[in-house]
2 protein chains.
Amino acid sequence: MSTIKDVARLAGVGVGTASRALSGRGSVSDDAAERVRAAAGRLGYRPSSIAQALSLQRSGAIGVYVPLFDGAFYSEMLGSIDRVLRVHGRHMIAANGCGAGSPRQKALDGIDFLLGRDCDGLLLASNSLTDEDCIELFRRFPRMVMLNREVPGHAQSCFSVDHEVAGRLAARALVAEGHREIAVIEGPPDAPDNRARMRGFFAELAACGIAVRPAHRSEGGFRFSLGAAAARALVAAGPLGRPDFTALFAANDLMAMAAVSALGELGVRVPQDVSVIGYDDSRFAGYTSPPLTTVRVPIDAVAASGCRLLLNACYETDLPVERSFPPTIAWRGSVIRGPHSPLGERP
Amino acid sequence: MSTIKDVARLAGVGVGTASRALSGRGSVSDDAAERVRAAAGRLGYRPSSIAQALSLQRSGAIGVYVPLFDGAFYSEMLGSIDRVLRVHGRHMIAANGCGAGSPRQKALDGIDFLLGRDCDGLLLASNSLTDEDCIELFRRFPRMVMLNREVPGHAQSCFSVDHEVAGRLAARALVAEGHREIAVIEGPPDAPDNRARMRGFFAELAACGIAVRPAHRSEGGFRFSLGAAAARALVAAGPLGRPDFTALFAANDLMAMAAVSALGELGVRVPQDVSVIGYDDSRFAGYTSPPLTTVRVPIDAVAASGCRLLLNACYETDLPVERSFPPTIAWRGSVIRGPHSPLGERP
DNA sequence: TTGTACGCGTTATCAT
DNA sequence: ATGATAACGCGTACAA
């Protein structure tokens, strides 16, 4: 690999001139600039990003931690982040939770790993860290933004949809279609995003005078297998092993999809026997059978804005940043009219 | 941030001693080593990976290019790669295709971007590059391994399942269940992996005396929307707008899932009216309705071995590397017995 | 065993 | 406008 010294020598100038000519910063005579460019071209010169990093005191790397790479939710974030980063000439060091330990420990390990790689900034998505973990992290490493969660005292550095509002939306969608006997497959009980959407969902239902029976609440965990198991448990709890609810809200699309599948194997049809509404509007939601009606949360926009704020913090730029990411309902085939009269309007 | 100089000063030794004590290479008196460790601990010293990289002439970064982050196939690869990398203290700079241009151009851009970040090695997954592109890439940058494709003359650096064998397997599965009127939704016509699986599929069918009618071949492109469209086209081509085939092979699970959904909306039931077999055994395949019978290709193992070979090449290690990744059939609910007598045995 | 000094490739400063 | 030179933080050869 040729260095800037080689370029300078071939061009017949000093390294300073070569550096300025190549970077465009500082003044160089047209003549010299041209010779440097030619020399660089002939040598196939590429600046060493490592040496640049050492000299500039920044690596250009943004560390990104997500619990896992697969799953429509996080991979969509990743794509969005890469897009923003690349436009601005930065790159991503990506890590997901791996190895042994609890989800929280995996997150801590992954973040620690990232911290050791000299990242200029950190982009974090984790609902397994405690608020205290996050606060401590912010203290040690202020150039950080959290995605998909709110951390007390750090609203500026947190980007998320309002999951409570989104949860209310799901409830409104169901009651607007005339459902009242409603079952729920919840996400992990200590995940902040799950709790927020459940809080909103139940609150809106309560506002409509609807209470969800305890037997109609089943705990999942944002995973296919748990969604399927939860769905089976829900119908098993009904009389004669038939569901005694007409609608089902799953805390994410993965579980909604798994629930539809499990329901199908039990002989209960979606949407004829029970309507199902999901959450996230994952890439696949339009292509299940039936296509999934779901709460759309614009996670790509969330990630992009979070990334841009981080970039501003790291590189003194002034990229535009959105703060509001209103959820909507993606109406598809898995929710149909229920037996009761509609309450309110279709959101 | 404190540097090794600070540590050395606090420990009352020279930087050389501090460096040796911290790295474990070279000899240091127990006494000095202890003082250095203590000093490092008190200072919260973290070596600058950038300075290390400049000195050692390697960054510890492996560049990974995949066409996209979402989609079960590539994200599963990513997870597998990160797992291997992290165990060995290396990290991943991940890039996916973004910006304008053809898929091929995106790949070329992404790779070029990675090359500019001083990666020690490159892990590539792309079926949009031509063989010539790959060969040229290997010439310019030998420390590279291709995932999920074979490049002529570079078998050593390519890791993939044998898609032709896997395609044959799909055919055998269908005929073993008594299907003969078979339709196909193909992937992108110039993607090598798609071509190989189609070649195998048609060859095995031919060996059984079965020919696929031109009207029963529909071109998709590894995407939901194309799978759905292809399925609609297939039934539209039949008499009375009903399918005149009893089984359908989709070149990947995404399209299989979309096809099942589209078929459902047209009133044709899976598997009662037509059996569907997918390809990949994506994470979601067990949770569609009905659960998808599919060709399982162990892409995680492929990625892990490819990654280990690359690590060996980059860091003179001797990690174990597998070369054979036999595909199997994951039997689930989307394929049932067809009208003809079985040919051969269930693979 | 130890400390000093040099090299890694770049950018930035500063006389010229 | 230009070129020499000093950082940047680390590993390591070498002399002691």
Side-chain angles (χ1 to χ4, degrees), chain A residues 1-37 39-40 43-61 89-91 115-120 314-316, chain B residues 1-37 39-40 43-61 89-91 115-120 314-316:
Chain A
M1 224 31 219
S2 55
T3 76
I4 200 170
K5 275 185 182 168
D6 303 320
V7 174
R9 189 177 323 124
L10 183 59
V13 299
V15 288
T17 306
S19 175
R20 280 176 307 231
L22 261 9
S23 72
R25 283 183 295 274
S27 46
V28 185
S29 69
D30 290 352
D31 174 52
E34 185 45 47
R35 295 209 317 276
V36 169
R37 264 193 298 277
L43 261 32
Y45 168 76
R46 273 183 186 270
S48 156
S49 71
I50 297 174
Q52 278 179 330
L54 186 60
S55 182
L56 262 18
Q57 294 290 77
R58 50 187 160 77
S59 63
R90 313 297 175 183
H91 65 271
L115 250 22
R117 314 314 279 200
D118 287 335
C119 295
D120 295 335
C314 293
Y315 308 110
E316 280 110 26
Chain B
M1 225 28 221
S2 55
T3 75
I4 200 170
K5 272 186 183 166
D6 302 320
V7 174
R9 191 179 319 124
L10 183 58
V13 299
V15 288
T17 306
S19 175
R20 281 177 304 238
L22 260 9
S23 72
R25 283 181 296 272
S27 46
V28 186
S29 68
D30 289 351
D31 174 52
E34 186 44 47
R35 297 212 312 279
V36 169
R37 262 192 299 276
L43 261 32
Y45 168 75
R46 275 182 186 270
S48 156
S49 70
I50 296 173
Q52 278 180 328
L54 187 60
S55 182
L56 262 18
Q57 294 290 77
R58 50 190 161 75
S59 62
R90 312 298 175 182
H91 65 269
L115 251 22
R117 312 316 279 202
D118 288 336
C119 296
D120 295 335
C314 293
Y315 308 110
E316 280 110 27

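Letters A, B, ... are given to chains in the order of the sequence lines, protein chains preceding strands, and every chain is numbered from 1.
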Less than 4.5 Å apart, any side-chain heavy atom of Ile4(B) and any of Leu22(B)?
yes

Nearest-Å distance for atom pair CG/P, residues Leu54(A) and dG7(C):
16 Å

Using a strict heavy-atom distance below 4.0 Å, which residues from residues 29-36 of chain A are in contact with DNA chain C?
none

If you look at every strand shown and take non-hydrogen atoms under 4.0 Å, does Arg46(A) touch a base, only sugar-phosphate, or nothing?
sugar-phosphate

Please round to the nearest 0.5 Å and tell me the distance separating atom OG of Ser49(B) and atom NE2 of His91(B).
7.0 Å

Contacts of Arg58(A) meeting salt bridge (charged side-chain N to carboxylate O under 4.0 Å, His left out) (sequence neighbours excluded), chain-then-number -> none

Boundaries of the chain B footprint along DNA chain D (any atom under 4.0 Å from a heavy atom)
dG9(D) to dA13(D)

Which residues pass the salt bridge (charged side-chain N to carboxylate O under 4.0 Å, His left out) test with Asp31(A), sequence neighbours left out?
Arg35(A)

In short, the helix from dT1(C)-dA16(D) to dT16(C)-dA1(D) is bent end to end, axes from five pairs each side, to 10°, by 50°

Identify, with sequence neighbours excluded, every residue that meets side chain to side chain contact (heavy atoms under 4.5 Å, CB included) alongside Leu10(A).
Ala39(A), Arg42(A), Leu43(A)

Determine yes or no for a side-chain-to-main-chain donor-acceptor pair under 3.5 angstrom, with Ser55(A) supplying the side chain and Ala51(A) the backbone.
no

Mind checking side chain to side chain contact (heavy atoms under 4.5 Å, CB included) for Ile50(A) and listing every partner two or more places apart, or none if nothing turns up?
Ser48(A), Ile50(B), Ala53(B), Leu54(B), Ser59(B), Asp118(B)

Taking only residues two or more places apart in sequence or in another chain, which ones pass side chain to side chain donor-acceptor pair (under 3.5 Å) with Glu34(B)?
Arg37(B)

Mind listing the N/O atom pairs, protein and nucleotides 11-13 of chain C, below 3.5 Å?
unit_1: dT11(C); atom_1: OP1; unit_2: Gln52(A); atom_2: NE2; d: 3.1
unit_1: dT11(C); atom_1: OP2; unit_2: Ser19(A); atom_2: OG; d: 2.8
unit_1: dT11(C); atom_1: O4'; unit_2: Ser55(A); atom_2: OG; d: 2.8

Nearest non-hydrogen partners of Thr3(B) and Tyr45(B), listed with the distance:
C-CE1, 3.5 Å

Identify whether any heavy atom of Ser48(B) sits under 4.0 Å from a base atom; if not, whether one sits that close to sugar-phosphate; answer base, sugar-phosphate or nothing.
sugar-phosphate

To the nearest 0.5 Å, what is the distance between CZ (Arg117(B)) and CZ (Arg46(A))?
10.5 Å

Any salt bridge (Lys or Arg N to Asp or Glu O under 4.0 Å) involving residues 7-27 of chain A? Give me the pairs, sequence neighbours left out, ordered by first then second residue.
Asp6(A)-Arg9(A)

Please report the closest heavy-atom contact between Val28(A) and Ala33(A), naming both atoms and the distance.
CG1-N, 3.7 Å

Among residues at least two apart in sequence or on other chains, which ones pass side chain to side chain contact (heavy atoms under 4.5 Å, CB included) with Ala8(B)?
Val13(B), Val15(B), Ala18(B)

